[in-house]
Visitor: 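Structure provided below as structure tokens; questions to follow.
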Amino acid sequence: MRKLLIFIMSAAILGLTGCGYNSFQSTDEQIKASWAEVLNQYQRRSDLVPNLVSTVKGETQFEQDTLIKVVEARSRATSIQATPELINDPAAFQKFQQAQGQLSGALSRLLVVSENYPNLKANQAFRDLQAQLEGTENRITVARNRYIKSVQEYNVTVRSFPSNLTAMVFGYKEKANFTVENEKEISKPPSVSFDRPAAAPQGAASGVTK
């Protein structure tokens, strides 16, 4: 009787392994870990924004529209509850991705505009925050790439035979993945010009760029 029980259990274990069940478990855990790292880096960036905005406000002539867009973008990004269930909801995942993309764009704009303000560029606190922000953006890129690979492996298992049968039985579905936000823009051929750039207008010390 005992031997029969061991045989049945062994057969069940081999069956689950062969049908991809264990692959679902391992890849799902990898996705959760990768997602947690993505959120960790996004939170790190979000925490830097208030100090960055506060420092930039010290430059009284800095264009307010750029600052306002950064504050609004951060507010939208942090208003989304990035729960573990979010990665199983394609619509919510896309909304989260769009909000983070808008914050990336607003911060990028702020750093570009800051080049017009010598006093701001010379501010040590601003330079430190800028370096931290750039380092965080690199970490976000690495974390996103790991998440993309984890989801790719999981989704291949969901769609492959015979593991797709296991997915049907246990309710495993494909998970949403990150995409390129500016896909249309980067698909255009680059515009190359050897013309000299226009001279900066006098009085640019005010740094106002519309």
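Please read these numbers as outputs of a predicted model, since none were measured by experiment.
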Visitor: Determine whether Phe170 and Val151 fall in the same hydrophobic cluster, where Ile, Leu, Val, Met, Phe, Trp and Tyr are linked whenever their side-chain heavy atoms lie under 4.5 Å apart.
Guide: yes
Visitor: Would you say that Tyr117 contacts Val56 through its side chain, given a criterion of any heavy-atom pair below 4.5 Å between the two side chains?
Guide: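 Not in contact.
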Visitor: Working to the nearest 0.5 angstrom, can you tell me the gap between Ile68 CD1 and Glu63 CD?
Guide: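 Output value for this atom pair is 10.0 Å.
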Visitor: So, does Thr27 use its side chain to make a donor-acceptor pair with the main chain of Ser23 at under 3.5 Å?
Guide: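 A pair under 3.5 Å: yes.
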Visitor: Would you find a donor on one side and an acceptor on the other, under 3.5 Å apart, between the side chain of Arg45 and the backbone of Gln100?
Guide: yes
Visitor: Do Phe126 and Leu111 have side chains that get closer than 4.5 Å, going by heavy atoms?
Guide: yes
Visitor: With rounding to the nearest 0.5 Å, note down the distance linking OG in Ser54 to NZ in Lys57.
Guide: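 The distance works out to 7.0 Å.
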Visitor: Which word best sums up how the rings of Tyr172 and Tyr154 line up, parallel for under 30°, tilted for 30 to 60°, or perpendicular for over 60°?
Guide: perpendicular
Visitor: Counting distance only, does the side-chain N/O of Ser108 pair as donor-acceptor with the main-chain N or O of Ser104 below 3.5 Å?
Guide: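 No; zero donor-acceptor contacts below 3.5 Å.
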Visitor: With a 4.5 Å heavy-atom cut-off, do Pro90 and Glu174 have their side chains touching?
Guide: no
Visitor: Restricting to non-hydrogen atoms, name the atom on Thr157 and the atom on Gly20 that form the minimum distance, rounded to 0.1 Å.
Guide: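 Heavy-atom minimum between the residues: CG2-O, 4.4 Å.
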Visitor: Compare every heavy atom of Ser46 with every heavy atom of Thr78, then report the nearest pair and how far apart it is.
Guide: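 Shortest heavy-atom contact: CG2-OG, 3.2 Å.
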Visitor: Is there a side-chain contact between Asp28 and Lys32 in this structure, where contact means two heavy atoms from C-beta onward sitting under 4.5 Å apart?
Guide: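 The answer is yes, as the side chains (C-beta and beyond) meet within the 4.5 Å cut-off.
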Visitor: To the nearest 0.5 Å, how far apart are CD in Glu153 and CD1 in Ile148?
Guide: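 If we round to the nearest 0.5 Å, Glu153:CD and Ile148:CD1 are 14.5 Å apart.
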Visitor: Could you give the distance from CZ (Arg159) to CG (Asn164), rounded to the nearest 0.5 Å?
Guide: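 Rounded to the nearest 0.5 Å, the CZ-CG separation comes out at 10.0 Å.
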Visitor: Given the rule that I, L, V, M, F, W and Y join up when any side-chain heavy atoms are under 4.5 Å apart, are Val142 and Leu103 in one cluster?
Guide: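 No, separate clusters.
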Visitor: What pair of heavy atoms forms the shortest contact from Ala77 to Ala99, and how long is it?
Guide: CA-CB, 3.9 Å
Visitor: Answer with yes or no whether the hydrophobic clustering places Val169 together with Leu165; edges join I, L, V, M, F, W, Y residues whose side-chain heavy atoms lie under 4.5 Å apart.
Guide: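 Cluster IDs for Val169 and Leu165 differ.
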Visitor: Inspect the contact between Arg139 and Glu134 and indicate whether a charged nitrogen and a carboxylate oxygen are less than 4.0 angstrom apart.
Guide: no
Visitor: Got more than 12 heavy atoms from elsewhere within 6.0 Å of CZ, Arg127?
Guide: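 Counting neighbours around CZ of Arg127, more than 12 heavy atoms of other residues, nucleotides or ligands fall under 6.0 Å, so yes.
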Visitor: Side chains of Gln132 and Thr136: do they bring a donor and an acceptor to under 3.5 Å?
Guide: no
Visitor: Which distance, rounded to the nearest 0.5 Å, do you find between the OG1 of Thr66 and the CG of Leu107?
Guide: 11.0 Å
Visitor: Which heavy-atom pair separates Lys175 from Asn88 by the least distance, and what is that distance?
Guide: NZ-OD1, 2.5 Å
Visitor: Between Arg146 and Glu37, is there a side-chain N and carboxylate O pair less than 4.0 Å apart?
Guide: no
Visitor: Any idea which heavy atoms bring Phe178 and Val38 closest together, and the distance?
Guide: CZ-CG1, 3.9 Å
Visitor: Between Phe93 and Trp35, what is the ring plane arrangement, given parallel below 30°, perpendicular above 60°, and tilted in between?
Guide: tilted
Visitor: Side chains of Val71 and Val49, heavy atoms from C-beta outward: is any pair under 4.5 Å?
Guide: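 The answer is no, as the side chains (C-beta and beyond) never meet within the 4.5 Å cut-off.
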Visitor: Just how far is it from atom CD1 of Ile31 to atom NZ of Lys149, taken to the nearest 0.5 Å?
Guide: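 Nearest 0.5 Å value for the CD1-NZ distance: 14.5 Å.
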Visitor: Would the number of heavy atoms belonging to other residues, nucleotides or ligands and lying under 6.0 Å from CD of Gln81 be above 12?
Guide: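 Count not over threshold, so no.
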Visitor: Just so I know, are the side chains of Arg109 and Lys69 near enough to count as touching, which here means a heavy-atom distance under 4.5 Å?
Guide: no
Visitor: Side-chain contact, heavy-atom cut-off 4.5 Å: Val158 with Lys173?
Guide: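 Result no, sub-4.5 Å side-chain heavy-atom pair not found.
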Visitor: Less than 4.5 Å apart, side chain to side chain, heavy atoms only: is that true for Ile140 and Glu137?
Guide: yes
Visitor: Tell me the closest heavy-atom pair linking Glu59 and Asn119, and the distance in Å.
Guide: OE1-CB, 3.5 Å
